[in-house]
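In what follows, every heavy atom counts, from backbone to side chain, and hydrogens, waters and symmetry copies are set aside.
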Amino acid sequence: MKTRRTTGNRRKSGRSSTRQHLLELNVRTASIKRQRRAKLGGLLWKVSALVIFLAIAAIGVRMVCEKFFFKNAEYSLRHLVTHLSDVMTEEELVALTGLKPGSNLFLLDLDEANKKLSALPEVRSVSIERRLPDTIEVGIKRRVPLFLVSVPGEADQANGSAPETFVPGKSFLCDSEGVLMQPKRLSEEFLHLPVLTGIGLSDPTPGKKIGEERFKDSVALTEALSEISGESFRISSVDAGKPYALVVTDASNARFTFGTRDLPGQMERLRKLLAHCQETGRKVETANLMIQRNTPVTFVLTPESRSPKITPVSSKKSAQR
């Protein structure tokens, strides 16, 4: 009997301790939840206070900026200093970029203005500088044209001839990198550019780049010929229609054929030929400088060098008559 009572007491005490442990666990869980809620509430309050503070500070900064900078007449644009390299007029610059006199210097989007100017095919680089309190300086470096490009058009297709001079807004130019340009205004240097023919341009577009190997050969030859005195040799046109040769016509309408290889050797032969012409007073009509030895050259025949006309020999019958 004692043993049974002892076992029953142990069971009762075990059950009571388990209940007490569960109660303590529930109390601890509730306490932890209350602590977490309190921390979360405190954090939310701090975040809210910080947001309110930043908003008030932003409003204050905005009001100060508007008062002292954005709406301050002292920072209005009064002086627009431009270096446009004949790419455009100042009026066209203002219309394109929005750099209008009277505008606030801090509200002008100079990055956007730079992008618009840099997108022009004639422009190589752009610099825009804000100078407080009332000045903006714009500098443009333009691409230097190297050729007047012969583009198939209605007039050219009719007679098959290359353009002879620059026509504003219609003629295409290109620089040494092959970038096509179509300037709307005339510059004196455009009138003396050599005409480039023989380059296939099915869809000429301003800003498009010529990537043909023949164009690169034409650039190299033109740059080499530019080292020769302009009085003795001035390029009128370059025909790149042949894959193995370039035909250059000078101002006197003489035709010189250059190969795409051994350019220094051909330039040396040209210098000797021009020196010979200067000494003798003769004028070249054609010359094939591709040939290293016995270079084929024909000269313009002058009245002094032309053979007299041969008079026909009269027959005896005609003499008797």
Side-chain angles (χ1 to χ4, degrees), residues 70 73 75-156 162-196 199 201-211 215 218-219 222-223 226 235 237-238:
F70 301 141
Y75 297 109
S76 298
L77 178 59
R78 295 185 179 88
H79 305 288
L80 182 61
V81 182
T82 58
H83 311 280
L84 304 180
S85 302
D86 293 331
V87 173
M88 61 177 62
T89 63
E90 189 168 312
E91 290 76 14
E92 292 172 337
L93 172 71
V94 172
L96 178 64
T97 60
L99 302 178
K100 298 180 180 180
S103 302
N104 187 275
L105 261 67
F106 295 100
L107 296 179
L108 291 173
D109 192 346
L110 301 189
D111 291 337
E112 183 64 22
N114 194 314
K115 291 180 181 178
K116 290 181 178 180
L117 291 174
S118 299
L120 298 177
E122 297 88 351
V123 175
R124 175 178 291 276
S125 63
V126 179
S127 63
I128 304 179
E129 184 177 355
R130 183 188 287 112
R131 294 184 178 179
L132 299 179
D134 57 3
T135 303
I136 287 182
E137 184 173 358
V138 180
I140 293 178
K141 289 185 179 180
R142 68 179 180 87
R143 296 184 180 275
V144 179
L146 183 63
F147 294 115
L148 172 61
V149 183
S150 176
V151 177
E154 294 180 358
D156 296 333
E164 296 181 355
T165 186
F166 174 79
V167 180
K170 295 184 178 180
S171 298
F172 280 86
L173 307 178
C174 73
D175 65 348
S176 59
E177 296 180 357
V179 178
L180 289 175
M181 300 169 279
Q182 198 173 28
K184 297 181 180 179
R185 56 177 42 81
L186 175 64
S187 179
E188 183 67 22
E189 65 175 316
F190 298 166
L191 301 176
H192 306 289
L193 291 175
V195 179
L196 177 64
I199 299 294
L201 294 175
S202 58
D203 184 22
T205 305
K208 188 176 180 179
K209 194 171 183 179
I210 304 174
F215 174 77
S218 302
V219 172
T222 303
E223 292 177 348
S226 64
I235 304 176
S237 66
V238 178

To the nearest 0.5 Å, what is the distance between [atom1] on [X] and [atom2] on [Y]?
X    : Y    : atom1 : atom2 : value
L146 : E223 : CG    : CD    : 6.5 Å
S226 : I235 : OG    : CD1   : 7.5 Å
L99  : L93  : CG    : CG    : 6.0 Å

Please tell me if the side chains of [X] and [Y] come closer than 4.5 Å, counting only heavy atoms from C-beta onward.
X    : Y    : result
T82  : I140 : no
L186 : L191 : yes
F166 : L173 : yes
I128 : L117 : yes
L132 : F106 : yes
V138 : T97  : no
V149 : P204 : no
V81  : E129 : no

Pair listing, ring pair (Phe, Tyr, Trp, His ring centres under 6.0 Å) test, anchored in residues 109-143, at least two apart: none
Side-chain ion pair, E92 and K184, N-O less than 4.0 Å: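 Between K184 and E92 there is no salt bridge, as every charged N stays at least 4.0 Å from the carboxylate O atoms.
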Worked check of side-chain contact (heavy atoms from CB on, under 4.5 Å) between T205 and L180: CA-CA 7 Å; T205 305; L180 289 175; 5.9 Å; no
Heavy-atom closest contact (F147 atom, V219 atom, distance):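 Shortest heavy-atom contact: CE1-CG2, 4.1 Å.
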Distance-minimising heavy-atom pair for D134 and S76: CB-O, 3.2 Å
Pair C174-F215, side-chain contact (heavy atoms from CB on, under 4.5 Å): steps then yes or no: CA-CA 11 Å; C174 73; F215 174 77; 3.6 Å; yes
[Y] backbone acceptor or donor facing [X] side chain under 3.5 Å:
X    : Y    : value
R130 : L105 : yes
S103 : L77  : no
R143 : D175 : no
R185 : V87  : yes

Distance-only donor-acceptor pairs under 3.5 Å for side chains of residues 118-125, two or more places apart:
{"unit_1": "S118", "atom_1": "OG", "unit_2": "N114", "atom_2": "O", "d": "2.8"}
{"unit_1": "S118", "atom_1": "OG", "unit_2": "N114", "atom_2": "OD1", "d": "3.0"}
{"unit_1": "R124", "atom_1": "NH1", "unit_2": "E177", "atom_2": "OE2", "d": "3.2"}

side-chain contact (heavy atoms from CB on, under 4.5 Å) assessment of T165 paired with L148: CA-CA 8 Å; T165 186; L148 172 61; 5.7 Å; no
